[in-house]
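The model shown is predicted, which means the values in this text are computed figures rather than measured ones.
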Amino acid sequence: MDKLLTCFYKRPNAVTRLICFPWAGGGSLFYAQWGRLLDESIEVCSIRLPGRESRFSEPFAQSMDQIVDEITAVLLPQLQEKSFSFFGHSFGSLTSFATALRLKEKYGLEPVHMFVSGASAPHSKSRSTSTKRSELSDEEFLKWMSTTGGTPAEILENKEAVQLFLPSLKADLRVVENYVYDKPASPPLSCGLTCFDGTEDIPHDLHAWKELTSGDFNIHMLPGGHFYLKDPNNEKSLVTHITKYLEAAEVDYF
C-alpha cells in the first residue's frame with residue numbers, strides 16, 4: 001500500500017479518510033501535507049501513480065481502467081474498514097469518479113462525499129469538443145502550459161526540468177482524453193458532491209456533475225486560475241469547506 005499511497009500524518013484512530021487524487025503529471029506530496037491542516041478525526045492519504053516520485057521507473061498507466069484496477073485492489077481493505085471521501089483536481093476529478101463508480105458497482109461501497117475540482121463532468125459534451133493536448137508538439141504543449149498557471153516560467157524554460165515532468169503529464173492527459181463515460185439514465189452515486197473551481201480558469205461544466213449523484217450538490221468558486229488551490233488562502237478555504245462537509249457527512253453516516 002505504501003507504494004500507492006503517501007500518508008505523512010498517519011491517524012489510525014481517525015473517524016474517516018480523505019483520499020486525494022493528483023492532477024495530470026502530478027505526484028502525491030502536495031495533498032499529503034493536508035494532514036497537518038485537517039482535524040485529527042480525518043486521515044489524509046494521497047495517491048501516487050506509476051511513473052513519478054518513488055515509482056519513477058515504472059511505466060505510466062495506459063488507461064483509466066488500469067488506474068482504477070490498481071487503486072481498488074490496493075485500497076479495498078482500508079475502504080471497507082471505515083468511511084472515506086475523495087478529492088481530485090482536474091485529471092484527479094475524473095480518476096476519483098471512475099474509482100468511486102467501480103467501488104459502487106462492484107463492491108457496494110461509496111464515499112461519504114466527493115470533492116471534485118477544475119474539471120467538467122465526465123459525460124459533459126464540453127469534454128468531447130476540447131483539443132487533445134497530448135497530441136501537441138512539445139513546443140505547443142509548453143505554450144499551452146504557460147497559460148494554465150501553476151508552473152513557474154523558469155521551470156518551463158529549463159529543458160532538463162521539462163523532460164522530468166512532460167512525459168508523465170502527457171501520459172495522464174492521454175488517459176483522460178481516451179476516457180469515455182456516457183450520461184447515465186439515473187445518478188450512479190448517492191453521496192454528497194461538491195465542485196470547486198478557479199474564477200479565472202477556463203469555464204468547466206460543473207453543473208453536469210449534479211447528474212451523477214442523488215445526494216447534496218454544491219459549487220464553490222475561488223479566486224485564481226487552474227491551479228487556484230496552490231494559493232495558501234485558497235488552500236485554507238478548501239480545507240475549511242472539506243472539514244465542514246465531512247463533519248456533516250459523518251453525522252449522517254453514523
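- For K244, the NZ atom sits in a packed shell: over 12 heavy atoms of surrounding residues, nucleotides or ligands are nearer than 6.0 Å.
- For the atom pair OG1 (T95) and CZ (F21), the distance works out to 5.5 Å, reported to the nearest 0.5 Å.
- Within a 6.0 Å sphere centred on NZ of K210, other residues, nucleotides and ligands contribute 12 heavy atoms or fewer.
- Between L101 and Y181, the closest side-chain pair of non-hydrogen atoms falls below 4.5 Å.
- In this structure the side chain of L4 reaches within 4.5 angstrom of the side chain of R55, judged on heavy atoms.
- Within the 4.5 Å cutoff, the side chain of F97 has no heavy atoms near those of the V116 side chain.
- Residues K125 and K183 have side chains not in contact (no heavy-atom distance under 4.5 Å, counting atoms from C-beta outward).
- Here L75 contributes atom CG and I47 contributes atom CD1; the two are 5.0 Å apart, rounded to the nearest 0.5 Å.
- Here the shortest heavy-atom pairing between K82 and R11 reads NZ-O, 4.3 Å.
- A 4.5 Å side-chain heavy-atom check between Q33 and E235 finds at least one atom pair inside the cut-off.
- Rounded to the nearest 0.5 Å, atoms CZ (R127) and CD (E177) are 9.0 Å apart.
- Between F196 and H89, the gap from one ring centroid to the other reaches at least 6.0 Å.
- You'll find the side chain of S93 reaches within 4.5 Å of the side chain of W209, heavy atoms only.
- Under the 3.5 Å distance criterion, with hydrogens and angles disregarded, a donor-acceptor pair is assigned to the side chains of S83 and T16.
- Atom-to-atom distance recorded for D69:CG and R102:CZ is 4.5 Å, nearest 0.5 angstrom.
- In this structure a side-chain-to-backbone donor-acceptor pair under 3.5 Å is missing from R36 to F8.
- A distance-only check finds no donor-acceptor pair linking the side chain of E53 to the backbone of R48 [under 3.5 Å].
- Using a 3.5 Å distance cut-off with no hydrogens or angles, the side chains of H220 and T194 do not pair a donor with an acceptor.
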